[in-house]
Amino acid sequence: MAASQSRTFSLLALFTFSILAFASTVSSHNITQILADSPDYSSFNNYLTQTKLADEINSRTTITVLVLNNGAMSSLAGKHPLSVIKSALSLLVLLDYYDPLKLHGLSKGTTLSTTLYQTTGNAPGNLGFVNITDLKGGKVGFGSAASGSKLDSSYTKSVKQIPYNISILEIDAPIIAPGVLTAPAPSAAVSNITGLLEKAGCKTFADLLVSSGVLKTYESAIDKGLTVFAPSDEAFKAEGVPDLTKLTQAEVVSLLEYHALPEYKPKGSLKTNKNNITTLATSGVGKFDLTTSTSGDEVILHTGVAPSRLADTVLDATPVVIFTVDNVLLPAELFGKSKSLSPAPAPAPETADAPSPAEGPSPTAASPPAPPMDDAPDSAPSDSPAGSAKSKSANAAVGVSSPSLFTLLVTFAAVTVSVSLRF
C-alpha cells in the first residue's frame with residue numbers, strides 16, 4: 001500500500017512539474033526591452049514607442065515582428081507624419097509565428113500572412129496582408145499582398161525567438177502597401193470631431209460637447225495627444241443613467257472631460273495598462289481617474305460606479321484615437337453612493353402607428369450584453385463575449401490561455417483517476 005501511494009505521489013509530482021514547465025514557456029515579452037540590446041534597431045524601437053505599437057505587440061502572442069535596422073528605417077524616419085509611419089510599421093507585425101525554419105519550409109513555397117495593419121479597419125481588400133515567398137537558395141522575399149506588388153523586401157537574419165510566442169526577424173526594406181505612404185495627414189479628420197462622433201452614432205455626446213464648450217478643451221489637447229471614449233446614443237437612454245439635467249454646469253463639464261484622456265492611448269496601450277489613468281477631468285491624485293481590465297481581446301473601463309466596454313474604434317490617427325463605449329462613464333466623484341440623482345425620465349410610450357422603415361433602429365445602436373457591476377475592477381467581466389476569429393491570435397501576452405489550461409487540468413484529473421484505479 002505504501003509503495004502504491006509513493007508511486008501515485010511521484011506521478012502527480014511529475015505531472016505538476018510538467019504544468020509549471022509548460023506555463024513558464026508562455027511568458028510575457030517586451031519588444032522594446034528586447035530591441036534595446038541592439039543599437040542597430042534604435043530608430044525602429046523608438047518609433048514603436050512613439051506610435052504605441054510596442055504596447056500592441058506586447059499585448060499579443062503568436063506574433064512575428066519584422067524589424068528594420070537604422071539604415072533601412074531612414075526611408076521612413078522623419079519623412080512622413082507619425083500616423084503614416086505607424087501604418088507602415090503595422091505592416092511589419094505578422095499575426096502568426098514565423099521562425100527561420102518555418103520561413104524556409106512553407107508548404108507551397110508561399111503564403112499570405114495577416115498583419116496588425118489589417119486589424120485597424122484602414123486596410124481595404126487585402127492591403128493588410130503580406131506575401132511571404134521562399135525564393136530558395138536561402139532567400140525569402142516579402143511584399144504587399146495587393147495585386148501587382150513586388151517582393152521588395154528580403155529576410156536578412158534572425159534576431160530573437162521565444163518559441164511560439166514572439167519571433168523577431170530582420171528584413172532589409174519596409175513592406176509598402178499601395179497608398180500607405182501617400183495617406184493624407186489626419187489633421188482634416190481630427191478637426192471635425194463632432195462630425196466623426198455623429199457618424200458613429202454618438203450625436204447626443206457630440207451635442208453635449210458643443211453646448212458645454214468642452215469641445216474646445218478636447219481640441220486644445222490634440223497636439224499633445226487625445227483619447228476619447230464616446231458613449232453611443234443608446235447608452236444615454238439606458239436604464240440607470242442619471243438625469244443629466246439635474247447636474248450643474250460645472251458637473252456636466254467634469255462628466256464630459258472624464259470621457260477623454262490627455263494622451264494618445266490606443267487599444268493596445270489600454271490592454272497592457274496596469275495603473276490608474278488620468279482623464280481631462282482629473283484635478284488631484286486619484287480624482288476622476290479610470291482603471292482598465294481585459295477579457296480576451298476586450299477592454300473594460302472601470303469608474304468605481306459601473307464598467308463600460310470599448311465597442312469600436314472611430315479614429316486612430318496618431319496622436320488622436322476615438323472609441324465608442326457601450327455605457328456612459330459615471331465617475332464616483334459625481335455618481336458615488338453618497339450622491340443621489342434621479343434617473344433620466346423614461347421616454348414617452350410608442351404610438352400604435354407602425355414606424356416607417358427610416359425610423360428603424362440604427363445598426364450602431366446594438367451593443368454587447370450589459371457588463372457586470374463594478375465591484376471588482378481588477379477582474380475581467382464574466383459575461384465578456386468570446387473573441388472573434390480575427391482576434392484568436394490576440395490573446396494577452398501574460399499567462400496560459402484558457403483552453404490550454406483546461407486541457408492540462410483534464411489531463412491531470414485523468415492521470416489521478418487512472419493511478420488511483422491502478423493501485
Side-chain angles (χ1 to χ4, degrees), residues 83 121-122 184-267 270 277 279-282 288 290 299 301 303 306 308-331 334-335 343-345 347 358-368:
S83 59
N122 298 323
S187 56
V190 171
S191 65
N192 187 20
I193 292 178
T194 55
L196 290 170
L197 293 175
E198 290 178 10
K199 188 176 180 180
C202 305
K203 188 178 188 306
T204 301
F205 183 67
D207 290 344
L208 285 171
L209 290 178
V210 174
S211 63
S212 65
V214 173
L215 178 62
K216 293 181 179 179
T217 303
Y218 280 24
E219 291 172 341
S220 65
I222 287 176
D223 288 343
K224 293 183 178 180
L226 178 69
T227 301
V228 178
F229 304 115
S232 65
D233 291 338
E234 293 301 309
F236 280 98
K237 301 175 185 177
E239 183 179 356
V241 175
D243 184 355
L244 302 186
T245 63
K246 295 184 179 296
L247 295 177
T248 66
Q249 175 66 15
E251 288 173 333
V252 170
V253 169
S254 293
L255 174 64
L256 296 175
E257 289 180 345
Y258 189 65
H259 284 75
L261 314 179
E263 60 178 319
Y264 173 64
K265 214 166 183 69
K267 187 174 181 180
L270 292 170
I277 302 175
T279 68
L280 286 178
T282 299
F288 289 96
L290 288 169
V299 175
L301 305 174
T303 68
S308 181
R309 289 184 180 87
L310 292 192
D312 295 299
T313 302
V314 178
L315 174 74
D316 186 351
T318 313
V320 177
V321 60
I322 301 175
F323 300 103
T324 57
V325 292
D326 61 4
N327 286 315
V328 177
L329 303 181
L330 303 177
L334 296 180
F335 305 105
E359 296 172 333
S362 166
T364 59
S367 62

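From a predicted model like this one, the values you see are computed outputs, not experimental measurements.
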So which heavy atom on [X] is nearest to which on [Y], and how close?
X	Y	value
Lys203	Asp233	N-OD1, 2.9 Å
Ala260	Leu226	CB-CD1, 4.1 Å
Ser254	Ala281	O-CB, 3.5 Å

Is there a salt bridge (Lys or Arg N to Asp or Glu O under 4.0 Å) between Glu219 and Lys216 once you walk through the steps? CA-CA 5 Å; Glu219 291 172 341; Lys216 293 181 179 179; over 6 Å; no
Separation between [atom1] of [X] and [atom2] of [Y], rounded to the nearest 0.5 Å:
X	Y	atom1	atom2	result
Glu234	Asn327	CD	CG	12.0 Å
Leu244	Ser212	CG	OG	11.0 Å
Leu270	Leu261	CG	CG	7.0 Å
Leu329	Leu255	CG	CG	8.0 Å
Tyr218	His259	OH	NE2	7.0 Å
Leu208	Leu215	CG	CG	11.5 Å

Can you confirm whether [X] sits close enough to [Y] that some side-chain heavy atom of one is under 4.5 Å from a side-chain heavy atom of the other?
X	Y	value
Tyr264	Asp316	yes
Ile222	Ile193	yes
Thr279	Glu257	no
Leu256	Phe205	yes
Thr303	Pro331	no
Asp207	Glu198	yes
Val328	Phe335	no

Determine yes or no for a side-chain-to-main-chain donor-acceptor pair under 3.5 angstrom, with [X] supplying the side chain and [Y] the backbone.
X	Y	result
Ser308	Val325	no
Thr227	Glu263	yes
Asp326	Ala311	no
Thr194	Ala206	no
Thr324	Ser232	no

Any residue meeting side-chain hydrogen bond (donor to acceptor under 3.5 Å, both in side chains) with Asp312, in chain and number order, not counting sequence neighbours: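 None.
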Intermediate values then yes/no, side chain to side chain contact (heavy atoms under 4.5 Å, CB included), Leu301 and Leu310: CA-CA 8 Å; Leu301 305 174; Leu310 292 192; 4.1 Å; yes
